[in-house]
Structure formats: C-alpha cells, structure tokens
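What follows is a single structure, written as structure tokens, with notes after it.
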Amino acid sequence: MRRVTEKSLFNSALFYLRRYSATEAQLRRVMQRKIRRVAQAEPPPAEQVSAWLDAVVARLTRAGYLDDTRVATAKASALRRSGKSTRAIRQTLRLKGVPAPLLAELLGGGDDTEAAWTAARKKRLGPYRAASKRADFRQKDLAALLRGGFPYGLAKRIVDAAGPT
C-alpha cells in the first residue's frame with residue numbers, strides 16, 4: 001500500500017482478515033497503525049481516512065468477514081478449554097474490543113471449576129504435583145491459581161483435593 005485510498009484500505013483489511021479473525025475494534029486499530037505507517041510522507045486528510053475506514057468496516061461486516069459475536073465466542077471457548085478463568089477471558093476479550101453487552105452475554109454466569117482443574121493439570125499444581133512436594137508448594141500452587149483469576153474458595157478446594165478429578 002503505497003498511497004492510502006479506500007480501495008487500498010479494503011484490500012489491506014481483507015488480506016488481514018484472511019489470516020486472522022478479528023473484531024471490528026481490532027481491525028480498526030490494525031488499519032489505523034497501517035495508515036500512520038504508510039502515510040507518513042504524504043498524509044491524506046484525517047476525516048477522509050476516517051470515512052474510508054468506516055466504509056471498509058461496514059462493507060466487511062455486511063459481507064460476513066467481521067463478526068464480533070463469532071470471534072468472541074470462538075476465543076472464549078478456546079480460552080476456557082485451555083484453563084483460563086472467566087476473569088482472564090473477560091480481560092482478553094475486552095482488550096480485543098468486544099463490546100460489554102456481548103461480554104455479559106457470553107460470560108454471564110460462567111462456572112470456573114472445569115477451567116481451574118485444567119489449569120491445575122497443565123501447571124502441575126495441587127493434586128497433580130508429586131505427593132512428597134505438595135505440602136511444600138501449597139502456597140505457591142494456591143497463588144498460581146489466584147493469579148489466574150480463579151476465586152479463592154475454588155483454588156483452595158483444588159489445591160487441597162486428595163486427587164485429580
């Protein structure tokens with residue numbers, strides 16, 4: 001992209017979306033960085049670029065390339081399976097630009113139990129640690145789960161569990 005035009009913005013956005021799934025806010029940030037980088041020598045009027053970017057985002061949304069709900073659902077599901085807490089998922093999605101109402105809908109009353117057990121297994125915490133070392137590492141294991149965003153009661157229950165579930 002040598003010059004910033006609506007067509008060059010569309011092509012860049014489409015190329016980006018072919019490689020990555022992104023929210024509308026993410027795509028806007030990526031494209032604004034690209035505009036700043038490319039248009040250093042000869043910047044077009046800011047209001048014109050803003051209008052072009054709005055048109056490109058609207059066109060890509062109509063075409064189905066941009067769908068915040070689809071991206072947020074997939075990302076939340078992947079993070080949950082990897083052992084992330086609801087708090088960690090909420091923060092990750094918020095940084096990706098997912099709107100607050102959609103976050104509330106996706107993560108409303110999420111139960112962290114399964115994710116906490118997954119995190120403990122992956123990090124070898126609590127019942128997944130060698131029995132001879134469990135007492136020595138209890139506080140560290142508890143702290144690791146708390147840093148991961150899990151509630152204290154749940155973290156304590158997992159760290160003190162007799163064996164893995």
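FYI, side chains are in, hydrogens and waters are out, and symmetry mates aren't considered; it's all heavy atoms of this structure. We're numbering straight along the sequence, starting at 1.
Residues Asp136 and Ser132 share a closest heavy-atom pair of OD2-O, 4.3 Å. Smallest separation of non-hydrogen atoms from Arg138 and Val159: CG-CG1, 3.7 Å. Across Gly83 and Phe150, no two heavy atoms sit closer than the pair O-CZ, 3.4 Å. Taking each heavy atom of Phe10 and Leu60 in turn, the nearest pair found is CE1-CD2, 3.6 Å. Here the closest non-hydrogen pair linking Pro127 and Trp117 is CG-CZ3, 3.6 Å. Heavy-atom minimum distance, Lys84 versus Ala115: O-CB, 3.4 Å.
Summarising the local packing, CZ of Arg29 is surrounded by more than 12 heavy atoms from other residues, nucleotides or ligands at distances under 6.0 Å.
Both Leu17 and Tyr20 sit in one connected hydrophobic cluster of ILVMFWY residues. Membership requires side-chain heavy atoms under 4.5 Å apart, directly or through other members. By the rule that hydrophobic residues join a cluster once side-chain heavy atoms approach within less than 4.5 Å of another member, Trp52 and Tyr16 end up as members of one cluster. Under the 4.5 Å side-chain heavy-atom criterion for grouping Ile, Leu, Val, Met, Phe, Trp and Tyr, Tyr128 is connected to Leu146 within one hydrophobic cluster. Tyr152 and Leu125 fall within the same hydrophobic cluster, where Ile, Leu, Val, Met, Phe, Trp and Tyr residues are linked whenever their side-chain heavy atoms come under 4.5 Å apart, directly or through other members.
Listed for the Arg134 side chain is a donor-acceptor partner under 3.5 Å among the backbone atoms of Gly126. Looking at Ser50, its side chain never comes within 3.5 Å of a backbone N or O of Glu47 through a donor-acceptor pair.
In this structure, Arg157 CZ and Leu145 CG are separated by 11.5 Å, a value rounded to the nearest 0.5 Å. The line from CD1 of Ile158 to CG of Leu142 is 10.5 Å long, rounded to the nearest 0.5 Å. Atom CD1 in Ile89 sits 7.5 Å away from atom OG in Ser82 (nearest 0.5 Å). With rounding to the nearest 0.5 angstrom, the CD atom of Glu6 is 7.5 Å from the CZ atom of Arg59.
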List the steps and the verdict of side-chain contact (heavy atoms from CB on, under 4.5 Å) for Asp141 and Arg129. CA-CA 9 Å; Asp141 292 353; Arg129 186 178 293 283; 2.6 Å; yes
Side-chain atoms of residues 90-104: list all donor-acceptor pairs with protein atoms under 3.5 Å, sequence neighbours left out, distances to 0.1 Å.
{"unit_1": "Gln91", "atom_1": "OE1", "unit_2": "Arg94", "atom_2": "NH2", "d": "2.9"}
{"unit_1": "Thr92", "atom_1": "OG1", "unit_2": "Ala88", "atom_2": "O", "d": "2.9"}

Identify each donor-acceptor pair in which a side-chain atom of residues 62-75 lies under 3.5 Å from a protein atom, sequence neighbours left out, and give them as a table.
{"unit_1": "Asp67", "atom_1": "OD1", "unit_2": "Thr69", "atom_2": "N", "d": "3.3"}
{"unit_1": "Asp68", "atom_1": "OD1", "unit_2": "Glu24", "atom_2": "N", "d": "2.8"}
{"unit_1": "Arg70", "atom_1": "NH1", "unit_2": "Gly64", "atom_2": "O", "d": "3.3"}
{"unit_1": "Arg70", "atom_1": "NH2", "unit_2": "Tyr65", "atom_2": "O", "d": "3.4"}
{"unit_1": "Thr73", "atom_1": "OG1", "unit_2": "Thr69", "atom_2": "O", "d": "2.7"}

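Electrostatic pairing of Asp54 and Arg28 counts as a salt bridge here, judged by a charged N lying under 4.0 Å from a carboxylate O. Between Arg80 and Asp112 there is a salt bridge, since at least one side-chain N of the basic residue sits less than 4.0 Å from a carboxylate O of the acidic one.
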